[in-house]
Participant: 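Starting off with a structure, shown below.
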Amino acid sequence: TATETKNLRTPIVCVMGHVDHGKTSLLDKIRGTAVVNKEAGAITQHIGATEVPLSTIRSLCGNLMSGTVVIPGLLFIDTPGHHAFTTLRSRGGALADLAVLVVDITEGFQPQTIEAIKILKQFKTPFVVAANKIDRIQGWTPTKNGPFILSYNKQPDYVKTAIETRTYELVGKLSDLGFSSDRYDRVRDFTRNVGIVPISAKTGEGIPDLLMVLIGLAQRFLEENLRMTVTGPGVGTVLEVKEERGLGFTIDTILYDGVIKVGDTVVIGGKDKPIVTKIRALLKPAPNREIRVEERFDRVPKLTAAAGVKILAPGLENAVAGSPLRVAKEDSVEAIIKDVEGELEKARIVTDETGIMVKADTLGSLEAIINELRDSGIKVAMAEVGDIARKDVVNAETLPGSLNRVILGFNVQTLVDAKDYLQTSDIKTFNNNIIYKLIEDYEKWQKEQKD
Ligand code: GDP
Ligand code: MG
């Protein structure tokens with residue numbers, strides 16, 4: 001019924017994949033096409049996210065979409081920079097309800113593609129693969145914004161073969177990682193098989209099909225367990241901590257439940273302890289400005305989930321990306337501080353008695369890397385969010401066992417004071433933005449030491 005539709009929260013869809021494979025272009029294309037179709041007013045820009053209502057999706061899909069749909073639309077999150085999906089956590093696990101994994105069909109799987117799939121697997125997040133850049137296949141003749149199958153059927157046989165071959169390469173790679181998959185039009189049961197949708201973010205081909213599959217996934221997986229939008233206190237996850245010219249420190253946050261208002265007291269995960277502060281401003285992107293590069297924002301008094309928002313408040317310089325944000329009422333501040341402390345602690349206590357030290361950029365990535373290390377039989381004695389500082393090296397020097405005297409840094413920098421100190425220390429550091437490469441490098445070094 002109509003009331004049910006109104007109460008369902010917009011599912012959060014994370015767009016992920018290797019750098020340059022076309023994540024941003026895909027979202028730009030969806031926005032751009034909607035503008036051309038005079039649906040501009042319908043698409044809402046958020047900080048770090050784009051909200052596409054069902055009516056717009058229907059108009060983009062044309063006659064591909066039929067049947068009753070109860071979700072109000074989709075909120076797409078473009079994963080910032082090389083910050084992995086790991087940042088996107090919520091209390092229950094993954095922040096995203098669904099994911100689109102973008103893969104350049106001409107390049108196939110790359111390190112960040114594999115990383116993304118491992119994380120999706122860990123969180124059991126349903127996903128669809130967008131095999132992007134089909135327009136770059138030799139001989140491809142585009143049909144702008146059309147459904148994939150329509151375009152595909154018009155191609156000469158050698159082009160069809162090229163698409164099929166490359167699709168099966170992706171199927172093979174997915175199989176190696178434990179997923180059964182096929183081209184989406186050959187998938188009957190999306191709960192058992194991952195659908196691969198060939199698309200072009202340049203010509204718009206396949207985007208109707210992709211949206212249709214996403215809506216189908218959302219219906220199948222979420223109809224029953226999608227959290228309702230409540231009018232209770234807001235709950236969110238910090239995507240990024242950013243210093244903005246003229247504003248100071250702000251946090252880009254995805255609000256996934258409840259309501260948030262200017263003047264609300266919020267508790268946020270901080271470097272040493274939870275930050276308790278009052279919201280000074282809630283900022284949304286000003287219309288017609290590029291998301292992420294804009295320097296001017298519109299102020300709003302109040303927001304309801306699901307939404308992306310930039311929050312301005314005192315004391316945010318110590319906020320940690322990937323950590324929780326909770327709105328607290330006067331009588332609940334203490335309890336919520338305890339809750340947030342608990343969540344921060346959870347990421348730290350998973351450490352072994354002996355082992356190595358790990359530093360990562362966000363709580364989520366720290367958790368992911370510890371899991372991966374465990375799977376590889378590597379023990380972790382110390383783990384923390386933040387850059388590699390002198391004090392970390394000093395602490396690492398207390399680690400027993402010569403093979404443990406290392407710091408693995410994921411998406412972090414080695415600070416100058418640490419670099420100086422490292423010159424005279426026997427501690428070895430490894431830095432990488434790809435978890436499994438970091439582990440590989442460490443294992444290689446371990447082997448060299450043993451030989
Ligand atoms: P991201 O790093 O995953 O966000 O990738 P971008 O969206 O920034 O795209 C990287 C580059 O690939 C840009 O130069 C895009 O113009 C280009 N690109 C993205 N999608 C397509 C596509 O479907 N076809 C072609 N030919 N180029 C594309
Ligand atoms: Mg991008």
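Keep in mind that the numbers below use all heavy atoms, side chains included, and drop hydrogens, waters and symmetry copies.
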Participant: Run the side chain to side chain contact (heavy atoms under 4.5 Å, CB included) check on L408 and I378 step by step: do they pass?
Facilitator: CA-CA 12 Å; L408 266 50; I378 300 165; 6.0 Å; no
Participant: Donor-acceptor pair, distance only, cut-off 3.5 Å: does the side chain of K121 make one with the backbone of L177?
Facilitator: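 Yes; at least one donor-acceptor contact below 3.5 Å.
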Participant: Is T50 reaching over with its side chain to a backbone N or O of F76, donor-acceptor style, under 3.5 angstrom?
Facilitator: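 Pair absent, no side-chain N/O of T50 close to backbone of F76.
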Participant: Output yes when a side-chain donor or acceptor of T250 lies under 3.5 Å from a complementary backbone atom of L312, and no otherwise.
Facilitator: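 No: the side chain of T250 does not pair with the backbone of L312.
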Participant: Check for a donor-acceptor pair, side chain of T398 on one end and backbone N or O of V394 on the other, with a separation under 3.5 Å.
Facilitator: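 It does not hold such a pair.
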Participant: Between atom CG of L316 and atom CD1 of I311, what is the distance when rounded to the nearest 0.5 Å?
Facilitator: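 That separation rounds to 8.0 Å.
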Participant: For I71 and I215, run side chain to side chain contact (heavy atoms under 4.5 Å, CB included): C-alpha distance rounded to whole Å, both residues' side-chain angles, the deciding distance at 0.1 Å, then the answer.
Facilitator: CA-CA 8 Å; I71 55 162; I215 291 288; 3.7 Å; yes
Participant: For the backbone of V266 and the side chain of D264, can you confirm whether one donor and one acceptor N or O come within less than 3.5 Å of each other?
Facilitator: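 No, the answer is negative, given that no donor and acceptor are paired below the 3.5 Å cut-off.
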Participant: Side chain to side chain contact (heavy atoms under 4.5 Å, CB included) for L211 and I30? Distances and angles first, verdict last.
Facilitator: CA-CA 10 Å; L211 291 172; I30 292 173; 4.2 Å; yes
Participant: Do the side-chain N and O atoms of E440 and Y436 include a donor-acceptor pair separated by under 3.5 angstrom?
Facilitator: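 The answer is no; no qualifying pair exists.
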Participant: If you measure from CD1 on I356 to CD1 on I370, what distance do you get to the nearest 0.5 Å?
Facilitator: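 Separation between the atoms: 9.5 Å.
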Participant: Below 4.0 angstrom, N of the basic side chain to O of the carboxylate: do R31 and D28 qualify?
Facilitator: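 Salt bridge present between R31 and D28.
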Participant: For A201, does its backbone N or O pair with a side-chain atom of N132 as donor and acceptor, under 3.5 Å?
Facilitator: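 Confirmed, N132 side chain pairs with A201 backbone.
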Participant: I want to check something: taking the side chain as every heavy atom from C-beta on, are E334 and K338 in contact at a cut-off of under 4.5 Å?
Facilitator: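 SC-SC contact between E334 and K338 ruled out.
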Participant: Give every residue pair that meets the ring-ring contact (aromatic ring centres under 6.0 Å, His included) criterion with at least one member in residues 8-31, sequence neighbours excluded.
Facilitator: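 Sorted result for residues 8-31: H18-H21.
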Participant: Step by step, would you call Q110 with V19 a side chain to side chain contact (heavy atoms under 4.5 Å, CB included)?
Facilitator: CA-CA 9 Å; Q110 296 296 316; V19 65; over 6 Å; no
Participant: Quick check: closest heavy atoms across I279 and A313, and the distance to 0.1 Å?
Facilitator: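 So the minimum-distance heavy-atom pair works out to CA-CB, 4.2 Å.
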Participant: Do the side chains of V100 and L214 get nearer than 4.5 Å, heavy atoms only?
Facilitator: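 They are in contact (side-chain heavy atoms under 4.5 Å apart), so the answer is yes.
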Participant: Specify the closest pair of heavy atoms between I134 and P198, including all atoms of both residues, with the distance to one decimal.
Facilitator: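 Smallest heavy-atom distance, with atoms named: CG2-CB, 3.7 Å.
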Participant: If we ignore angles and hydrogens, is there a donor and acceptor under 3.5 Å between the side chains of S365 and N411?
Facilitator: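 No pair is found: no donor N or O on one side chain lies under 3.5 Å from an acceptor on the other.
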Participant: Taking all non-hydrogen atoms of both residues into account, name the closest pair between V187 and G195 and its distance.
Facilitator: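 Smallest heavy-atom distance, with atoms named: CG2-CA, 4.1 Å.
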Participant: Would you say that I427 contacts E397 through its side chain, given a criterion of any heavy-atom pair below 4.5 Å between the two side chains?
Facilitator: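 Yes. Closest side-chain heavy atoms under 4.5 Å.
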Participant: Does a side-chain heavy-atom distance below 4.5 Å link L60 with P208?
Facilitator: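 Contact flag for L60/P208 side chains = no.
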Participant: Could you tell me the separation between the CZ atom of R299 and the NZ atom of K310, rounded to the nearest 0.5 Å?
Facilitator: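 Answer rounded to 0.5 Å: 12.0 Å.
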Participant: Side chains of L120 and M16, heavy atoms from C-beta outward: is any pair under 4.5 Å?
Facilitator: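 Of all side-chain heavy-atom pairs linking M16 with L120, at least one is under 4.5 Å.
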Participant: Classify the side-chain pair K133/T106 by whether it contains a donor and acceptor separated by less than 3.5 Å.
Facilitator: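 Judged by distance alone, the side chains do not pair up.
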Participant: Is it the case that atom CZ in R405 sees more than 12 heavy atoms from other parts of the structure closer than 6.0 Å?
Facilitator: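 Yes.
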Participant: Got T113 and L101 here, is their nearest side-chain heavy-atom distance under 4.5 Å?
Facilitator: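 T113 vs L101: side chains touch.
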Participant: How far apart are the closest heavy atoms of M357 and A396, and which atoms are they?
Facilitator: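 Heavy atoms of M357 and A396 come nearest at CE-N, 3.9 Å.
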Participant: How about V171 and S181: do any of their side-chain heavy atoms sit closer than 4.5 Å?
Facilitator: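 In contact.
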Participant: Rounded to the nearest 0.5 Å, how far does CZ of F190 lie from CG of D182?
Facilitator: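 Interatomic distance, D182 CG to F190 CZ, rounded to 0.5 Å: 9.5 Å.
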Participant: Nearest 0.5 Å, please: how far is CG in L26 from CD1 in I207?
Facilitator: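 So the gap between those two atoms works out to 5.0 Å.
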Participant: Quick check on side-chain hydrogen bond (donor to acceptor under 3.5 Å, both in side chains): which of D392, D387, N431 does T414 satisfy it with?
Facilitator: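 Result: among D392, D387, N431, N431 is the only option passing the side-chain hydrogen bond (donor to acceptor under 3.5 Å, both in side chains) with T414.
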Participant: Please identify each residue that fulfils ring pair (Phe, Tyr, Trp, His ring centres under 6.0 Å) with F249, with sequence neighbours left out.
Facilitator: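 By the ring pair (Phe, Tyr, Trp, His ring centres under 6.0 Å) rule, F249 matches no residue at all.
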Participant: Within the distance-only criterion (no hydrogens, no angle test), does the side chain of S200 pair as donor or acceptor with the backbone N or O of K202 below 3.5 angstrom?
Facilitator: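 Yes, S200 side chain to K202 backbone: donor-acceptor pair under 3.5 Å.
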Participant: Using only atom types and a distance under 3.5 Å, with no angle test, would you say the side chain of Q449 pairs donor to acceptor with the backbone of L403?
Facilitator: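 No: the side chain of Q449 does not pair with the backbone of L403.
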Participant: Give a yes or no on whether the backbone of V309 and the side-chain of K284 come within a donor-acceptor separation of less than 3.5 Å.
Facilitator: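 A pair under 3.5 Å: no.
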Participant: Considering all heavy atoms of both residues, which atom of P274 and which atom of V267 are nearest to each other, and what is their separation?
Facilitator: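 Taking P274 first and V267 second, the nearest heavy atoms are CB-CG1, 3.9 Å.
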Participant: Roughly how far, to the nearest 0.5 Å, is the CD1 atom of I369 from the NZ atom of K359?
Facilitator: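 One finds 12.5 Å between NZ of K359 and CD1 of I369.
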Participant: Might you point out which heavy atoms bring F430 and V406 nearest each other, and give the distance in Å?
Facilitator: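 Closest pair (atom of F430, atom of V406, distance): CE1-CG1, 3.9 Å.
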Participant: Between P314 and R280, is there a side-chain heavy-atom distance shorter than 4.5 Å?
Facilitator: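 Yes. Closest side-chain heavy atoms under 4.5 Å.
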